[in-house]
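The chains referred to below are lettered A, B, ... by the order of the sequence lines, with proteins before strands, and numbering in each begins at 1.
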Number of protein chains: 2
Amino acid sequence: MKEMKISEAVVRRLPIYLRYLNELRMSEVQTVSSQELGQRLNLNPAQIRKDLAYFGEFGKKGIGYDVGYLIEKIRHILKLDQVIPVALVGAGNLGHALCNYNTYLKNTMKITAVFDASPNKIGTQINQLTVLPMDKLSETVNEQKIRVGIITVPSAVAQHVADQFVQAGIEAILNFAPTIIKVPSHIRIHQADFTAELHSLAYYLD
Amino acid sequence: MKEMKISEAVVRRLPIYLRYLNELRMSEVQTVSSQELGQRLNLNPAQIRKDLAYFGEFGKKGIGYDVGYLIEKIRHILKLDQVIPVALVGAGNLGHALCNYNTYLKNTMKITAVFDASPNKIGTQINQLTVLPMDKLSETVNEQKIRVGIITVPSAVAQHVADQFVQAGIEAILNFAPTIIKVPSHIRIHQADFTAELHSLAYYLD
DNA sequence: TAGATTGTTAATCGATTAACAATC
DNA sequence: TAGATTGTTAATCGATTAACAATC
């Protein structure tokens, strides 16, 4: 059980559980069943129980899950029981928007450095952060122990930015540019592809 | 074959194919094999052939696929051989960023109206669009035959905006707010959830 | 105790991949 | 013709769901 490989589908659901559990805690709900979770999140209760059971026995038979305890556990599983420093490259509107989520994400992932190639952007402020030039990337990643990189630059330069992230020693990348970028296999990469999302939506129109 | 149900996984890959094919066309590449596509997109060639075969026989044995022809076909399958008018609610940084994609998406989905509840935002310009008040939503959706809605408002009001979209007669929604919203079953909804994406990324850190 | 709900096994369902005849 | 590559079937793999004993 210790060394079981967890599927990507499971890992993608955990943050969804976590978010709703946080809402429940804010409403001072003490306990929740897989049934209630499933109802709210449009998921099968058996699936939720199975997902959680990969990591331990977090529930109580006949009762359900303690909200606070389950939050703790999922945060730990996702390694979100620590602040993970994040760098963002591309100080446009999208980069700006993402920086605003720092408050929302406060005790977990935190954007601690913003970069841009354009002299117009360098030196400007985004929230409390000063936009840095690209040649400070490697140095900053090291100093601040940044582990994750976010790419919000145009597609044409996304691969180049990814290469610089990899060079600098980042462990994972979230790419918003609408293009598939290549990274070495030890780097985790997720695609946040708004245009593909919209295009696949069109298929379902009548 | 006419009435076969296509899985969501297949539909999500089509825009990825389309995008790379467009790149190939720009480089004046005439023909591409499933092998080459797979290599570039990190997909199994058999999967690509199977995906395409759900919709017809688009390739030539021994040769591969004609780039221009396949683009035509996928655009048609995704209903992107027409301009689909889109409304966006939430004229913040994120909304602003998405409006900038209009150029990129030019002959397909097009944001034709932007709304916001805040008096500070109403009347301001985003690209060529004037930000409208929420009470113009229904009217505008009807007049412009808008079929898709994008939500870029805070989580707390996302459900309310979705309800208004549904009321106005929209067919599909792309929600950027980090919360699960509920819509009637005839409405297609996709989640563009940046925070969940980041959180699941953390799991894969060492 | 009776009712509720978990954790887990077994059954089902669906998606991916391998293999290959057809054919350009 | 020989080499390449499709379209498609069969095999494999994996994920979801149903069912239920255990137990709070």
Integer-rounded Å distance: D/dA15 C1' and B/E8 CD: 14 Å

A/K61, nearest nucleotide to its side chain (from C/dT8, D/dA22, C/dT16): D/dA22

Distance in angstrom units between A/E57 CD and D/dT23 C1', rounded: 11 Å

Short side-chain donor-acceptor distance under 3.5 Å, A/D163 and A/Q159: yes

B/V166 and B/P184, any side-chain heavy atoms less than 4.5 Å apart: yes

Distance in angstrom units between B/K50 NZ and C/dG14 C1', rounded: 10 Å

Aromatic ring proximity A/F176/A/F194, centre distance under 6.0 Å: no

Verdict with reasoning, A/D51 to A/R13, per salt bridge (Lys or Arg N to Asp or Glu O under 4.0 Å): CA-CA 8 Å; A/D51 285 353; A/R13 283 191 293 268; 2.6 Å; yes

Full working for side chain to side chain donor-acceptor pair (under 3.5 Å) between A/E36 and A/S33: CA-CA 5 Å; A/E36 293 168 293; A/S33 67; 3.2 Å; yes

Contact residues, residues 27-46 of chain A to DNA chain D [heavy atom, < 4.0 Å]: A/N44, A/A46

Protein-nucleotide distance (B/D51, atom CG; C/dG14, atom P), rounded to Å: 17 Å

Listed partners of B/Q191 passing side chain to side chain contact (heavy atoms under 4.5 Å, CB included), at least two apart: B/N175, B/D193

Any donor-acceptor N or O pair under 3.5 Å, side chains A/N100, B/N93: yes

A/I63 CD1 to D/dT23 C1', straight-line distance once rounded to whole Å: 10 Å

Nearest-Å distance for atom pair CZ/P, residues A/F58 and C/dT8: 11 Å

Sugar-phosphate only, base, or nothing, as touched by A/Q47 at under 4.0 Å among non-hydrogen atoms: base

B/R188 vs B/I173 side-chain heavy atoms within contact, under 4.5 Å: no

A/Y104 side chain reached by B/P178 side chain, heavy atoms, under 4.5 Å: yes

Phosphate OP1/OP2 of D/dA15: any A/S7 side-chain N/O under 4.0 Å: yes

Intra- and inter-strand pairs of DNA chain D in dot-bracket (Watson-Crick or G-U wobble, both distances under 3.5 Å; | for another strand): ..||||||||||||||||||||||

Euclidean distance, atom CZ of residue B/R12 to atom C1' of C/dT16 [Å, nearest integer]: 18 Å

Phosphate OP1/OP2 of D/dT16 contacted by A/R13 side-chain N/O (<4.0 Å): yes

Under-4.0 Å side-chain N/O to phosphate OP1/OP2 contact, B/Y65 with C/dC24: no

OP1 or OP2 of C/dT6 under 4.0 Å from side-chain N/O of A/R49: yes

d(CG, A/L52; P, D/dT16) in whole Å: 14 Å

